[in-house]
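Below is one structure, written out as structure tokens, with a few remarks after it.
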Amino acid sequence: MNKYRSHNCNELNKSHVGKKVLLSGWINKIRDHGNLLFLDLRDNYGITQCIIDNENKNFSKIEKIQLETVISINGKVLDRSTETINKEIKTGEIEVSIESFNILGTCKELPMPIFSDQEYAEEIRLKYRFLDLRRKKIHENIILRSKVISFIRNEMSNLGFLEFQTPILTSSSPEGARDFLVPSRLNPGKFYALPQAPQQFKQLIMVSGFDKYFQIAPCFRDEDARADRSPGEFYQLDLEMSFVEQEDVFNVVEKLLISTFKKFSNKKLMFNKFPKITYSDALLKYGSDKPDLRNPLIINDITDIFTREDVSFEIFKKLVKTGSRVRCIVTKSTQDKPRSFFDNIDKWAKDQGASGLAYFTIEESDEIFAKGPIGKFFSREALEKIMEKTQAKVGDSVFLACDKQKELEKITSLARDKIAKDLDLIDENIFAFCWVIDYPMFERDEQTNKIEFSHNPFSMPQGDIGKINFEKPLDILAYQYDIVCNGIELSSGAIRNHIPELMYKLFSIAGYDKKQVDEKFSGMINALSYGAPPHGGIAPGIDRIVMLLANEKNIREVTMFPMNQNAQDLMMDAPSNVSENQLKELSLLLKLKK
RNA sequence: GGGGGUGUAGCUCAGUUGGUUAGAGCGAUCGCCUGUCACGCGAUAGGUCGAGGGUUCGAGUCCCUUCACUCCCGCCA
């Protein structure tokens with residue numbers, strides 16, 4: 001027999017009564033009754049109550065042990081009397097009478113309790129992550145993550161995908177996020193970059209003829225953190241397929257996500273076939289390219305109304321004349337909501353930096369009229385027109401915002417969330433997936449006024465390649481798509497451009513000449529000219545998938561050893577200083593800002 | 001880079017209009033307790049009120065600066 005344990009802490013039940021057992025684990029809790037003591041022993045699998053009384057010579061020794069000490073216990077399994085059965089734990093029908101014990105690992109006074117549902121400051125949780133990870137909730141989250149990943153691996157293999165590793169030390173690319181750089185000792189003055197995603201490698205794998213690839217790939221981007229975005233590194237289910245069209249990728253990913261979410265969550269799926277929303281529709285109806293479809297509120301554009309003679313809301317009319325637009329959100333049957341409901345939302349909008357949200361409620365006595373601070377500015381005909389455009393009915397309220405398109409999208413999108421929350425319109429027990437499709441190939445940078453790739457420069461433009469109008473680059477759509485779930489962007493992907501001439505052409509629109517493309521993307525562009533198959537793929541974010549499945553709002557709750565918001569690892573003390581000698585070997589000199 | 005929130009005992013927090021010696025629960029230490037499962041009871045120790053400066057007879061509390069953590073904006077092909 002193993003010298004540490006004969007059973008795990010979740011294993012023993014009535015059938016073991018009378019048996020001698022050996023258990024090892026952490027002391028989760030001690031309840032000391034003076035001459036009788038209960039000790040909850042915990043391991044990865046569960047908890048077993050152990051018991052000892054003062055007739056045992058070890059009694060006084062065991063009374064003195066710190067919680068979280070690791071011990072092994074020799075004892076006998078006892079039946080519990082009916083009234084002492086604990087239904088909360090799997091081993092609650094029995095207990096182990098301690099005959100002897102051994103201390104395997106001592107424990108100092110704890111900086112934070114393990115056995116507690118209390119919330120703790122992240123600083124202390126991250127510094128003592130190894131203790132934090134012993135706690136039930138996060139321990140289970142991390143186990144869930146492991147199970148999800150192995151399930152996905154299995155499914156991908158079954159679907160005929162091959163798993164490959166790609167380099168971690170690679171070259172810096174000019175597009176996209178900030179790179180993490182690694183100085184090269186053997187090539188003084190030169191740097192590797194950690195991959196932001198294995199984008200070029202996976203395309204090269206297709207050119208190499210492997211047909212279907214996937215990888216649970218680490219990705220590194222040196223950008224600031226958010227609740228749903230780790231600083232530094234995260235994982236994607238990176239996949240790529242040859243000889244496919246957009247629909248083929250959709251079919252694979254939909255199947256995978258549906259089976260994963262059905263297996264690991266009890267929440268309902270709102271759609272068994274993911275709806276497809278075009279990028280431009282998403283921005284109009286939801287103000288965002290990551291709409292939360294659990295939220296029934298829809299944004300409508302009613303700019304036209306404010307060019308009418310019988311509308312006298314001069315502030316908006318004036319703004320509309322100078323190119324602003326007016327969009328609104330209709331809330332159903334809110335005529336009886338108190339004034340404070342509306343004013344709170346207006347105040348909230350002002351706090352968000354907008355000029356506020358105007359509102360009125362549609363009512364009817366002899367005829368239809370608008371009630372509220374700005375109601376008097378609308379004629380009956382104008383109101384009817386608004387009702388027709390927005391499907392609003394008597395008793396509904398209309399919230400309006402007026403601004404330049406981009407700002408307007410932002411505030412209406414936020415307002416959509418805010419109002420839905422206030423009205424409790426979002427069903428938390430649902431996953432609402434959708435595809436966002438037809439992204440534009442290019443967009444204009446507002447500051448520099450330059451044309452830039454809006455997403456991935458390697459995406460294939462839509463339409464007949466011979467007939468694309470390159471004179472109007474902003475009108476070119478790409479076979480570029482995202483998956484969104486509950487307002488969280490889960491992945492983005494594309495059918496790739498495998499035609500070198502077309503690639504040069506598109507890069508030239510974004511301001512890169514042939515030489516620059518050859519330099520920056522030498523591996524890729526070279527490979528594409530040696531017989532590249534049409535191919536495409538996508539890369540769902542693993543951390544966010546697990547976050548949704550674990551019902552967590554913060555990505556650190558599903559990350560084993562996360563960094564804090566300033567990209568520091570408080571446990572390992574990274575990043576840290578390095579010696580002069582290390583710098584010298586790398587031909588580096590520090591020039592720190594004061 | 002910008003905005004919001006938080007910072008008081010090892011941990012979680014309370015602390016009124018500025019007023020005597022800054023409190024509670026958990027944890028720790030010591031004692032009592034033979035059926036608990038958030039065991040119970042009693043006692044003890046534990047504080048640079050994040051830091052620095054200012055106003056004041058007097059600051060945990062008001063003002064300024066600064067630091068840390070966090071949420072958001074920017075950023076994230």
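Reckoned from all heavy atoms, side chains included, excluding hydrogens, waters and symmetry mates.
The residues Arg31(A) and Asp40(A) are annotated as salt-bridged, a charged nitrogen and a carboxylate oxygen being separated by less than 4.0 angstrom. Here Asp417(A) does not pair with Lys421(A) in a salt bridge; the nearest charged N to carboxylate O distance is not below 4.0 Å.
Rounded to the nearest Å, the gap between the P atom of U66(B) and that of G23(B) is 34 Å. Rounded to the nearest Å, the gap between the P atom of C63(B) and that of U6(B) is 13 Å. Taking atom P in both G18(B) and U61(B), one finds a spacing of 11 Å when rounded to whole Å. The same atom, C1', is picked in A45(B) and in G10(B); the two are 13 Å apart, to the nearest Å. Nucleotides A38(B) and U12(B) are separated by 14 Å at their C1' atoms, to the nearest Å. Spacing of P atoms, C32(B) relative to U70(B), comes out at 46 Å, to the nearest Å. Of the P atoms belonging to C62(B) and U17(B), the separation is 10 Å, rounded to the nearest Å. The gap from the P atom of G46(B) to that of C13(B) amounts to 24 Å, rounded to the nearest Å.
Atom-to-atom, CD of Glu88(A) to C1' of U36(B) comes out at 14 Å; the value is rounded to the nearest Å. What separates CG of Asn86(A) from C1' of U36(B) is a distance of 10 Å, to the nearest Å. In this structure, CD1 of Ile52(A) is placed 19 Å from P of U36(B), rounded to the nearest angstrom. One interatomic measurement links the two molecules: CD1 of Ile47(A) to P of U36(B), which rounds to 18 Å at whole-angstrom precision. Regarding Gln118(A), its CD atom lies at a distance of 16 Å from the P atom of G10(B), rounded to whole Å. Between Lys87(A) atom NZ and U36(B) atom P the separation is 15 Å, expressed in whole Å.
A search for side chain to side chain donor-acceptor pair (under 3.5 Å) contacts involving Glu409(A) returns Gln405(A), not counting sequence neighbours. Judged as a side chain to side chain donor-acceptor pair (under 3.5 Å), and not counting sequence neighbours, the contacts of Glu68(A) are Arg42(A), Arg134(A). Residues satisfying the side chain to side chain donor-acceptor pair (under 3.5 Å) test with Arg80(A), not counting sequence neighbours, are none. For the side chain to side chain donor-acceptor pair (under 3.5 Å) test, residues two or more places apart in sequence or in another chain that qualify with Lys14(A) are Asp79(A).
Heavy atoms of Ser459(A) sit nowhere under 4.0 angstrom from any nucleic acid atom. Glu119(A) comes within 4.0 angstrom of the backbone, heavy atoms only, and of no base. Residue-level contact check: Pro457(A) touches the bases, meaning some heavy atom is under 4.0 Å from a base atom.
The cationic group of Lys202(A) does not satisfy the cation-pi geometry with Tyr213(A), failing either the under 6.0 Å distance to the six-membered ring centre or the 45° limit from the ring axis.
When each of His498(A), His535(A), Arg496(A) is tested with Gln203(A) by the rule side chain to side chain donor-acceptor pair (under 3.5 Å), just one qualifies, namely His535(A).
Heavy-atom distances to RNA chain B give each of Ile85(A) and Phe458(A) a nearest nucleotide, and the one nearer the 5′ end belongs to Ile85(A).
Of all nucleotides present, none satisfies the Watson-Crick or G-U wobble test against U55(B) with each distance under 3.5 Å. Within the shown strands, C73(B) is the pairing partner of G1(B) under the Watson-Crick or G-U definition, both distances less than 3.5 Å. Across all strands shown, U36(B) remains unpaired; no Watson-Crick or G-U wobble contact has both distances below 3.5 Å. Pairing of C41(B), defined by two Watson-Crick or G-U wobble distances under 3.5 Å, is identified with G31(B). The base-pairing partner of G25(B), taking Watson-Crick or G-U wobble contacts with both distances under 3.5 Å, is C11(B).
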Spell out protein contact along nucleotides 26-35 of chain B as letters: B when the base is contacted, S when just the sugar-phosphate is, - when no protein heavy atom is under 4.0 Å; keep the 5' to 3' order.
-BSS---BBB
For each nucleotide in nucleotides 68-74 of chain B, reading 5' to 3', give B when a protein heavy atom comes within less than 4.0 Å of its base, S when such contact involves only the sugar-phosphate, and - otherwise.
SSBBSBB
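A close approach under 4.0 Å does occur between a side-chain nitrogen or oxygen of Arg31(A) and OP1 or OP2 of C39(B).
Here the side chains of Met571(A) and Leu126(A) are not in contact, with every heavy-atom distance at 4.5 Å or above.
The aromatic rings of Phe507(A) and Tyr512(A) stand perpendicular to each other, their planes meeting at an angle above 60°, with 30° marking the opposite boundary.
A pairwise comparison of heavy atoms in Ile538(A) and Pro540(A) identifies C-CD, 3.9 Å as the closest pair.
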